[in-house]
Amino acid sequence: MTAPITAPATAAPPALEVRDIAKRYAGKAAVRGISLRVEAGEIVGLLGPNGAGKTTTINMILGLLAPDSGQVLITGLDLARQRTAALAMVNFQASYAPLPGNLTVRQNLLFFARLYALAQPARRVGELLESFKLTALAHTRCGLLSSGEQARVALAKTLLNRPRLLLLDEPTSSLDPATADDLRRMIRDLAARNGCAVLWTSHNMLEVEQVCDRVLLLARGRVLLQGDPRRLAAEHGDASLEDLFIRIAREPLAHGVDA
Ligand SMILES: Nc1ncnc2c1ncn2[C@@H]1O[C@H](COP(=O)(O)OP(=O)(O)OP(=O)(O)O)[C@@H](O)[C@H]1O
């Protein structure tokens, strides 16, 4: 008797896979062949000095900029060919992109819920108001909230579409240390419980050590180093991640990055 043919178990694709993307602005290279993966539930830090290419990389992952070459796959969906389906798996937040201040918390969340074409927008907004302890502030205009409250609303907004990948660009940069700590805990919890993958940019190396499972250090548009943020410094003979970062930012040419 012939044994039945069974399909081999296939692993789920990573939440994000970036394959060798490059981008030039008016002939000047900003990103020069970056590849990276973020698995479900993983928090990956995208680090690098000013001008290293972090924002350009994020904008290519969000489909705001088209790479000159290379490929972006979100949960296995090719962003160039399956754009709508791929972007439905993503959300983004940055402190430089605040929510409209003249709308209340609830109006803001409902606006984005409708923008994302959610089936039951009011219900999803109600769930998030409750889980982020925002119900008492639902009818307050966002412009009147404290920075910490605004950060909570912004995080709630990013979860409306139940993303599999969150891109957070310096999410704690305007927060006091205690509020920043609360936000980091919320995001860690989210990754652990919902399996949401997070790509996080920050210039705060202590924060990165605390929150990220893995970091990639960019310089001049390339990935120069990657690894566990709690071990990377020792592996490269530095006392701290901050020391390693400063050394590479000041002397990228000495670390294998050409001009
Ligand atoms: N729209 C643009 N036109 C021309 N050059 C640009 C443009 N955007 C970025 N650049 C250049 O591309 C390079 C990478 O910039 P990018 O903003 O991606 O870096 P970054 O790592 O995000 O920096 P920062 O930490 O300062 O935000 C820089 O040299 C920058 O001057």
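Quick note: numbers below take in every heavy atom, side chains included, and nothing from hydrogens, waters or symmetry partners. Remember, it's 1-based here, ligands and their atoms both numbered in the order they're listed.
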Close-contact set for ligand 1 against Lys54 heavy atoms, below 4.0 Å: 18 (O), 19 (O), 20 (P), 21 (O), 22 (O), 23 (O), 24 (P), 25 (O)
Test side chain to side chain donor-acceptor pair (under 3.5 Å) applied to Arg141 - qualifying residues, sequence neighbours left out: none
Close-contact set for ligand 1 against Pro49 heavy atoms, below 4.0 Å: 21 (O)
Minimal non-hydrogen separation, Leu241 against Glu209, with atom names: CB-OE2, 3.3 Å
Nearest candidate to atom 12 (O) of ligand 1, where distance is taken over non-hydrogen atoms, out of Gly27, Gly221, Gly51, Ala30: Ala30
Shortest protein contact, atom 16 (P) of ligand 1 (heavy atom only): Thr56 OG1, 3.7 Å
N/O separation below 3.5 Å, Ala52 to ligand 1: yes
Heteroatom distance test (Gly48, ligand 1): nitrogen or oxygen, under 3.5 angstrom: no
Mode of Ala26 contact toward ligand 1 - side chain, backbone, both, neither (heavy atoms, under 4.0 Å): neither
Same apolar cluster: Leu87 and Leu64, side chain cutoff 4.5 Å: yes
Atom 17 (O) of ligand 1: nearest protein contact (heavy atom, Å): Thr55 CB, 3.7 Å
Shared hydrophobic cluster for Leu99 and Leu175 (ILVMFWY, side-chain gaps under 4.5 Å): yes
Hydrophobic cluster identity match, Ile21 and Val90, side-chain contacts under 4.5 Å: yes
Linked, directly or transitively: Val38 and Val198 (ILVMFWY side chains, under 4.5 Å): no
Shortest protein heavy-atom distance from atom 30 (C) of ligand 1, along with the residue and atom involved: Lys28 NZ, 4.6 Å
Contact atoms of ligand 1, heavy-atom distance to His203 under 4.0 Å: 25 (O)
Glu207 versus Ser202, side-chain donor and acceptor atoms under 3.5 Å: yes
Glu39 vs Val44 side-chain heavy atoms within contact, under 4.5 Å: no
Atom 19 (O) of ligand 1: the protein heavy-atom neighbour that sits closest, reported with distance to 0.1 Å: Gly53 N, 3.2 Å
Rounded distance [0.5 Å steps], CD1 in Ile61 versus OG1 in Thr56: 11.0 Å
Identity and separation of the nearest protein heavy atom to atom 1 (N) of ligand 1: Tyr25 CE2, 3.8 Å
Closest approach of any protein heavy atom to atom 24 (P) of ligand 1, naming residue and atom: Asn50 ND2, 3.6 Å
